[in-house]
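Throughout, residue positions are numbered sequentially from 1 according to the sequence presented. Note that the structure is a prediction, hence the values are computed from the model and not measured. Counting starts at 1 for both ligands and their atoms, following the listed order.
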Amino acid sequence: MDPRTEKFMASIIARNPGETEFHQAVQEVADSLIPFIEENPKYKHAKILERIAEPERIIIFRIPWIDDKGDVQVNKGYRIEMNSAIGPYKGGIRFHPTVNLSILKFLAFEQVFKNSLTTLPLGGGKGGSDFDPKGKSDNEVMKFCQSFMTELYRHIGPDTDVPAGDIGVGGREVGFMFGQYKRLKNEFTGVFTGKGREWGGSLIRPEATGYGTVYFAQEMLKTQGDSLKGKSVSISGSGNVAQFATEKVLEMGGKVVTLSDSAGFIYDPNGIDMEKLDYVKELKNIKRGRISEYAEKFGVEYHEGKRPWIVKCDVALPCATQNEITEEDAQTLVKNGCRVISEGANMPSTPDAVEVYLNNRILYGPGKAANAGGVAVSGLEMTQNSMRLSWTREEVDEKLQRIMKSIHETCKKFGTESDGFINYLNGSNVGGFVKVADAMMAQGVV
Ligand code: NDP
Ligand code: 2IT
């Protein structure tokens, strides 16, 4: 490790003890940024890197609620308000039993750079709870969401902090949280994105992250005169991002052969077509079932307790969770001929896996670039709410495509190496940093 990075990371670890995911996210960015900052000493003198790695504010609170049996339950709630240099705090809410301060700080940190890359005026934040929506009734989820918002409402607002969905938070949860906010504040504003279409939501927001990840893969392939047509694609996850990534790959003429959930993955060598995808949407979004049921229904292989990276593919789209591709998985993917990784999830590849991609010079689109389509359309939802009008599907999709192309251009601008190889990791870190850093410099030491 560069000794300057080592010194910086030692201070991060000392100030944020035990937060391993946060350390991982900061280190990845520091590796890209420290050489850049040496060449641009104004950022060094203003201690921008030290400031950008310290959240502006963290709110931690108790969420008491009563389950269907009448028993009292208690969860922890969080909102990390990471950086507001270029716009109101913006980022999703995650409900998952593994949620803790480290995970939400890594996500909020990533969000700052991602949101800057979108070209829109969005600061960075993230929130969530260790609440597990699995196996809970609609009534229990509503009770929990209402209690969560009864505390959070006083800290957020359409010009202050605008949450959205993430793992475990989709249209149902956004509805319950928005409803409670509206009741407590007595105002109808764009305080949340990912709202229902009839009450202020943007068309294409549900699709945006998955579509954007595929648009980004297509842009990367284009640099080599290639496309997704005819490519075999492995996807992990089977939630919001995985479903719409699958849909867009099919539209672009690719073949999706895997999907997964936390219990295992399915391998469908004939490809998941639109009809089978409709089954997955119903299974996951309405019945809230397990992906193993797909294997039973369509008579394909189900691999219990395994991740899809052992399957041969041309393109891999990790769309489940952090650190789901290890060094060994990455080596298997590359050995089997995979040439493109576009990350729908946040930080799905371990640092060792990323090193395998870069050493093998494959097309690697890191999450903060490749999955920025979701928050970008959230930004467009905020614009439509402010104007009190809504754009058509075509208008939003056209803007999403333009934004994904622009993110690709930014990565190319800041990440092209002397031999022409595009290091999208460095490109997205430096490209995302500059706008936020310049805004922080202009606004003084605040
Ligand atoms: P969903 O809750 O809709 O789906 C999550 C999927 O990932 C499920 O299939 C889930 O399986 C699986 N999963 C979750 N945790 C784990 C785990 N620990 N191990 C294995 N599988 C797991 O979430 P999203 O699709 O919205 O989010 C997926 C990823 O995309 C996350 O990394 C999120 O941060 C990122 N992302 C999401 C955006 C959005 O707009 N929603 C925007 C940008 C990034 P199971 O059902 O078994 O839990
Ligand atoms: O990780 C992410 O970018 C999201 N979960 C979406 C954030 C948003 O505000 O739409």
Participant: Within the 4.0 Å heavy-atom shell around Asp166, which atoms of ligand 1 are there?
Facilitator: 26 (O), 33 (C), 34 (O), 36 (N), 37 (C)
Participant: Is there any N or O on Gln322 that sits under 3.5 Å from an N or O of ligand 1?
Facilitator: no
Participant: At a 4.0 Å threshold, what atoms of ligand 1 neighbour a non-hydrogen atom of Gly237?
Facilitator: 9 (O)
Participant: Where is the nearest protein heavy atom to atom 2 (C) of ligand 2: which residue, which atom, and how far?
Facilitator: Lys114 NZ, 3.2 Å
Participant: Any luck finding a side-chain donor-acceptor pair between Ser102 and Glu21 under 3.5 Å?
Facilitator: yes
Participant: Give the contacting part of Pro348 toward ligand 1: side chain, backbone, both or neither, where contact means a heavy-atom distance below 4.0 Å.
Facilitator: neither
Participant: With atoms numbered from 1 as shown, which atoms in ligand 1 lie under 4.0 angstrom from a non-hydrogen atom of His96?
Facilitator: 15 (N)
Participant: Is the contact between Arg205 and ligand 2 made by the side chain, the backbone, both, or neither, using heavy atoms and a 4.0 Å cut-off?
Facilitator: side chain
Participant: Give the atoms of ligand 2, by number and element, whose distance to some non-hydrogen atom of Ala164 is under 4.0 Å.
Facilitator: 8 (C), 9 (O), 10 (O)
Participant: Can you check whether Val191 reaches Phe178 side chain to side chain, under 4.5 Å on heavy atoms?
Facilitator: yes
Participant: Measure up the Phe109 and Phe22 rings against each other and bin them: parallel (under 30°), tilted (30 to 60°), perpendicular (over 60°).
Facilitator: perpendicular
Participant: Tell me which protein heavy atom sits closest to atom 7 (C) of ligand 2, plus the residue, atom name and distance to 0.1 Å.
Facilitator: Gly92 N, 3.5 Å
Participant: Select one of side chain, backbone, both or neither to describe which atoms of Glu324 lie under 4.0 Å from any atom of ligand 1, heavy atoms only.
Facilitator: neither
Participant: For Arg290 and ligand 1, does the shortest N/O to N/O distance drop below 3.5 Å?
Facilitator: yes
Participant: Strictly by modelled atom types, are Tyr215 and Asp397 linked by a side-chain donor-acceptor pair under 3.5 Å?
Facilitator: yes
Participant: Could you label the plane-to-plane angle of the His303 and Phe265 rings as parallel, tilted or perpendicular, counting under 30° as parallel and over 60° as perpendicular?
Facilitator: parallel
Participant: Asn371 to ligand 1: N or O pair under 3.5 Å?
Facilitator: no
Participant: Answer side chain, backbone, both or neither: which part of Arg205 comes under 4.0 Å from ligand 1, heavy atoms only.
Facilitator: side chain
Participant: Side chain, backbone, both or neither: which applies to Asn346 and ligand 2 if a contact is any heavy-atom pair less than 4.0 Å apart?
Facilitator: side chain
Participant: Does atom 10 (C) of ligand 1 have any protein heavy atom closer than 4.0 Å?
Facilitator: no
Participant: Would you kindly specify which portion of Thr209 sits under 4.0 Å from ligand 1, judged on non-hydrogen atoms: side chain, backbone, both or neither?
Facilitator: side chain
Participant: Which atoms form the tightest heavy-atom contact between Met177 and Ile93, and what is the distance?
Facilitator: CE-CG2, 4.4 Å
Participant: Do Thr332 and Asp329 have a side chain donor and acceptor closer than 3.5 Å?
Facilitator: no
Participant: Would you tell me which option among Val169, Thr321, Val280, Leu107 has the nearest heavy-atom contact to atom 17 (C) of ligand 1?
Facilitator: Thr321
Participant: Can you report which non-hydrogen protein atom sits closest to atom 9 (O) of ligand 2, along with the distance?
Facilitator: Lys90 NZ, 2.7 Å
Participant: With a 4.0 Å heavy-atom cut-off (strictly under), which part of Ala242 contacts ligand 1: side chain, backbone, both or neither?
Facilitator: neither
Participant: Distance to 0.1 Å, residue and atom name: give those for the protein heavy atom nearest to atom 10 (O) of ligand 2.
Facilitator: Ser378 OG, 2.5 Å
Participant: Taking only heavy atoms of Gly165, which atoms of ligand 2 are found under 4.0 Å from at least one of them?
Facilitator: 4 (C), 5 (N), 6 (C)
Participant: Before signing off on this row, confirm whether Asn371 and ligand 2 have an N or O atom pair separated by under 3.5 Å.
Facilitator: no
Participant: Nearest protein heavy-atom contact for atom 47 (O) of ligand 1: which residue, which atom, what distance?
Facilitator: Ser262 OG, 2.4 Å
Participant: Determine whether any heavy atom of Arg307 lies closer than 4.0 Å to an atom of ligand 1.
Facilitator: no
Participant: Give the single entry among Gly374, Ala320, Gly165 that approaches atom 29 (C) of ligand 1 most closely by any heavy atom.
Facilitator: Ala320
Participant: Looking at Phe95 versus Phe148, is the centre-to-centre ring distance below 6.0 Å?
Facilitator: yes
Participant: Identify which one of Thr246, Asn240, Val241 satisfies the side chain to side chain contact (heavy atoms under 4.5 Å, CB included) criterion when paired with Phe244.
Facilitator: Asn240
Participant: Is there a nitrogen or oxygen of Asn240 sitting under 3.5 Å from a nitrogen or oxygen of ligand 1?
Facilitator: yes
Participant: What part of Glu110 sits under 4.0 Å from ligand 2 if we count only heavy atoms: the side chain, the backbone, both or neither?
Facilitator: neither
Participant: Counting non-hydrogen protein atoms only, what is the nearest one to atom 4 (C) of ligand 2? Give residue, atom name and distance.
Facilitator: Lys126 NZ, 3.7 Å
Participant: For Gly91, counting its heavy atoms only, list the atoms of ligand 2 lying under 4.0 Å from any of them.
Facilitator: 7 (C), 9 (O)
